[in-house]
Colleague: 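Quick one: the structure is below, and I'll ask about it shortly.
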Amino acid sequence: MPPPPPVFRARGLDKSYRLGGTTVRALAGVDLEVDAGEALFVAGPSGSGKSTLLHLLGTLDRPDAGALELDGTDVGPLGERERTLLRRHRLGFVFQDFHLVPVLSALENVEVPLWIAGVPRRDRRRRAEAALAAVGLGDRLAHRPDALSGGERQRVAIARALVHEPRAVLADEPTGNLDSATAAAIVELLLALRRERGTTLVVATHDPALLARAPRLLTLRDGRVVADERAPEAW
Amino acid sequence: MNVFALGWRNLARNRRRTALSLAIVACGTAALVVTAGFVRFSFDGLREAMIHGGLGHLEVAAEEEVERRGVVALDRSPSAALEGWEALRGELERLPHVDAVGANLHLLGLVRRADGAAVSFVGLGVEPDRELRMAFPTKLRSGRGLAATPPAPGDEPVLLAAGLARSLGAAPGDTVTLLMARADGMLNAMDARVTGIYTTGVAELDTRMLKLPLASAARLAETSRVSNLVVALDDTSRTAEVAAAVRRALAARGDALVVTPWSARAPFYEQVRGLYTGIFRFLGTIVALLVVLAASNTLVMTVFERLRELGTLRAIGTTPGQIAALLFAEAGELGLAGGALGALAGWAAVGGINALGLRLPAPPGAVEEIDLELALVPEAFVGAVVLMVAVLLVAAIVPILRATRIAVVDALGHV
């Protein structure tokens with residue numbers, strides 16, 4: 001029986017942007033495989049291509065060249081609607097600025113991925129409550145984002161990313177707006193949830209304290225992979 | 001959580017801007033409601049003025065005469081078909097919703113004062129008691145009206161319309177001579193005492209019209225026949241229903257008579273109605289366009305400020321269709337709330353304007369000012385609110401296209 005395909009398999013990913021009158025090559029032929037349940041931290045200075053790589057892995061953008069498979073499916077030929085549905089069911093996202101809907105409570109924010117997928121109200125409420133409890137916010141269900149601290153908001157965002165049990169969670173600078181203690185707690189939480197649920201985790205960050213705890217560290221510079229290291233101890 | 005509940009919450013997010021949008025929509029709605037009230041007031045006023053100015057709700061006339069002169073002719077020859085009109089009238093007055101049936105005798109001739117020039121006239125022999133029951137008011141300018149009881153031969157009263165009296169230089173108390181040709185071509189003359197000066201309400205008609213009791217008119221024309229019967233109802237909306245009943249009655253009698261509703265005899269009413277309806281639609285289009293422009297601008301700003309949030313929703317798997325549904329719900333709710341507020345404001349404005357007791361100048365061709373009493377038109381309230389919802393949905397199209405067409409990564413990076 002052949003081994004299951006990696007969650008992400010990228011071959012020769014290339015992406016350039018026009019900035020003013022010049023073309024900036026954000027990614028230059030990136031090859032990458034991320035297995036199910038793996039936790040990959042992507043490091044590199046600003047402009048190295050971390051966010052671009054996450055956007056491509058998350059099917060939020062298309063590469064200029066190269067191929068990407070998600071769970072063995074080539075996403076290149078997929079149309080916008082198919083990519084949207086793929087994100088809805090197989091991926092979760094955590095952003096640096098949390099990106100919560102300000103008019104919704106914590107519980108309702110976590111319900112959103114289930115709501116758009118047409119999950120019945122009672123079921124989605126139960127699952128959202130469980131997700132918030134898992135991130136330690138079982139007592140903050142009715143609070144709106146503006147009534148939560150930065151760390152709590154990011155926990156809500158993590159719960160939202162996990163509530164529909166995706167194959168992978170992509171987190172772009174998830175601790176960028178948090179103090180160091182809260183940042184450490186958030187990373188602990190992400191890693192713990194990954195361990196419990198077996199969810200694949202891809203985190204882009206340039207926080208050295210977090211990178212020191214990376215089970216697998218991919219370093220980018222000028223759009224190229226300059227290092228791909230695995231920690232000796234599995235997290 | 002559903003798109004409508006989320007829509008309301010998003011509208012409450014920027015209360016000042018939402019209030020401004022609501023005010024724009026409400027003003028547009030109120031303007032439509034008030035304008036519709038004015039248009040309905042005009043239609044109703046003109047209709048009732050024509051009906052109670054002498055047309056009646058229904059006319060019963062000789063078929064041959066109507067075919068020869070057309071339904072809109074103001075005067076008709078005395079007809080043999082209406083020879084036994086009193087019996088027919090009795091039968092018609094027993095029909096439901098009939099207030100009264102009046103007989104008219106139309107006359108054409110010359111009128112002159114003893115020491116003055118002759119002026120041609122269009123005369124109307126009427127039954128004053130029936131006119132009273134039919135609420136056909138005689139608008140007296142001076143003197144007094146015709147007595148309810150038929151005058152004795154040799155004591156013939158006449159009312160002159162104001163323009164005709166001016167041409168003759170006649171005043172109440174004067175005696176005038178009426179001359180007209182009989183059916184056999186002989187000329188008949190009759191002295192009549194001017195009891196009063198009245199107005200028909202229409203300046204042109206005032207230069208020619210006079211009124212006298214039916215008995216006096218019959219003596220002048222030397223006929224026992226009448227020109228037509230005019231039927232007045234207790235409710236204009238019953239016209240078609242009673243017309244059918246009158247036709248059945250006529251058919252049973254076998255008379256060669258036809259029934260004509262007031263609307264067929266008043267093409268002017270339909271022309272005015274068409275004109276006003278056109279103006280109302282034009283105004284409605286202008287209001288709708290203004291609301292579209294104003295609301296579209298507001299909705300564009302709303303979407304622009306929320307691009308990153310909408311990008312996040314797209315990122316986590318919300319389809320462009322779902323985003324569009326959410327934004328359409330917000331726009332529709334804005335239209336509904338603004339329309340409802342505008343309907344309330346319009347209702348209050350109609351009441352307020354009516355309470356002021358304003359009078360409008362006489363319309364073209366008319367001689368009397370009109371009491372302004374705007375109507376409350378239920379269908380205008382519903383229609384204006386529905387129109388505002390539709391207008392807001394249209395106004396949302398451009399912002400929605402913008403929100404759904406922007407690349408997700410661009411939306412996420414939007415600040």
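Side chains are part of it too, since the values below use all heavy atoms of this structure and drop only hydrogens, waters and symmetry mates. To find a chain, count down the sequence lines: A is the first, B the second, and so on, and within it residues start at 1.
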Colleague: Please look at R124(A) and chain B and tell me whether the side chain, the backbone, both or neither of the residue comes under 4.5 angstrom of a heavy atom of that chain.
Modeller: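 Side chain only.
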Colleague: Parallel, tilted or perpendicular for F38(B) and Y276(B), by the 30°/60° rule?
Modeller: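 The arrangement is parallel - the two ring planes meet at less than 30°.
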Colleague: Counting neighbours of CZ on R13(B) that are heavy atoms of other residues, nucleotides or ligands and sit closer than 6.0 Å, is the number greater than 12?
Modeller: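 More than 12 heavy atoms, drawn from other residues, nucleotides or ligands, come within 6.0 Å of this atom.
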Colleague: Could you check L32(A), T200(A), V7(A), L201(A) and say which one makes a side-chain contact (heavy atoms from CB on, under 4.5 Å) with L40(A)?
Modeller: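 Considering L32(A), T200(A), V7(A), L201(A), a side-chain contact (heavy atoms from CB on, under 4.5 Å) with L40(A) is found only for L32(A).
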Colleague: Where does R83(A) contact chain B at under 4.5 Å (heavy atoms): side chain, backbone, both or neither?
Modeller: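 For R83(A), no heavy atom lies under 4.5 Å from chain B.
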Colleague: Just checking, is any N or O donor in the side chain of E48(B) or T236(B) under 3.5 Å from an acceptor N or O on the other one?
Modeller: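 T236(B) and E48(B) do have a side-chain donor-acceptor pair below 3.5 Å.
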Colleague: Name, in order of residue number, those residues of residues 313-321 of chain B that have a heavy atom at a distance of less than 4.5 Å from a heavy atom in chain A; otherwise write 'none'.
Modeller: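 So far as heavy atoms go, L313(B), R314(B), A315(B), I316(B), G317(B), T318(B), T319(B) are the residues that approach chain A to under 4.5 Å.
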Colleague: Side chain, backbone, both or neither: which part of L60(A) has a non-hydrogen atom closer than 4.5 Å to chain B?
Modeller: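 Both parts, heavy atoms under 4.5 Å.
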Colleague: Are T23(A) and Y17(A) side-chain neighbours, meaning at least one heavy-atom pair lies under 4.5 Å?
Modeller: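 No, every pair of side-chain atoms sits at 4.5 Å or beyond.
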Colleague: Which atom pair, heavy atoms only, marks the closest approach of L170(A) to F8(A)?
Modeller: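 Nearest heavy atoms, L170(A) then F8(A): CD2-CZ, 4.0 Å.
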Colleague: What are the residues of residues 2-10 of chain B, in order of number, with any heavy atom under 4.5 angstrom from a heavy atom of chain A?
Modeller: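 So the qualifying residues are N2(B), V3(B), L6(B), R9(B), N10(B).
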Colleague: Closer than 4.0 angstrom, basic N to acidic O: yes or no for D222(A) and R25(A)?
Modeller: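 No, D222(A) and R25(A) are not salt-bridged.
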Colleague: Do other residues, nucleotides or ligands put more than 12 heavy atoms under 6.0 Å from R221(A) CZ?
Modeller: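 No, because the 6.0 Å sphere around CZ of R221(A) holds 12 heavy atoms or fewer from other groups.
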Colleague: Under 3.5 Å, is there a donor-acceptor pair between the H143(A) and E152(A) side chains?
Modeller: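 Short answer, no.
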Colleague: Can you give me the closest heavy-atom contact between D31(A) and V225(A), atom names plus distance?
Modeller: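 In this case the closest contact between D31(A) and V225(A) is O-CG2, 4.3 Å.
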Colleague: Select one option (side chain, backbone, both, neither) describing which atoms of L104(A) are under 4.5 Å from chain B's heavy atoms.
Modeller: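 L104(A) touches chain B through backbone and side-chain heavy atoms alike.
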Colleague: Which heavy atom of A403(B) sits nearest a heavy atom of L327(B), and at what distance?
Modeller: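 So the two residues come closest at CB-CD1, 3.9 Å.
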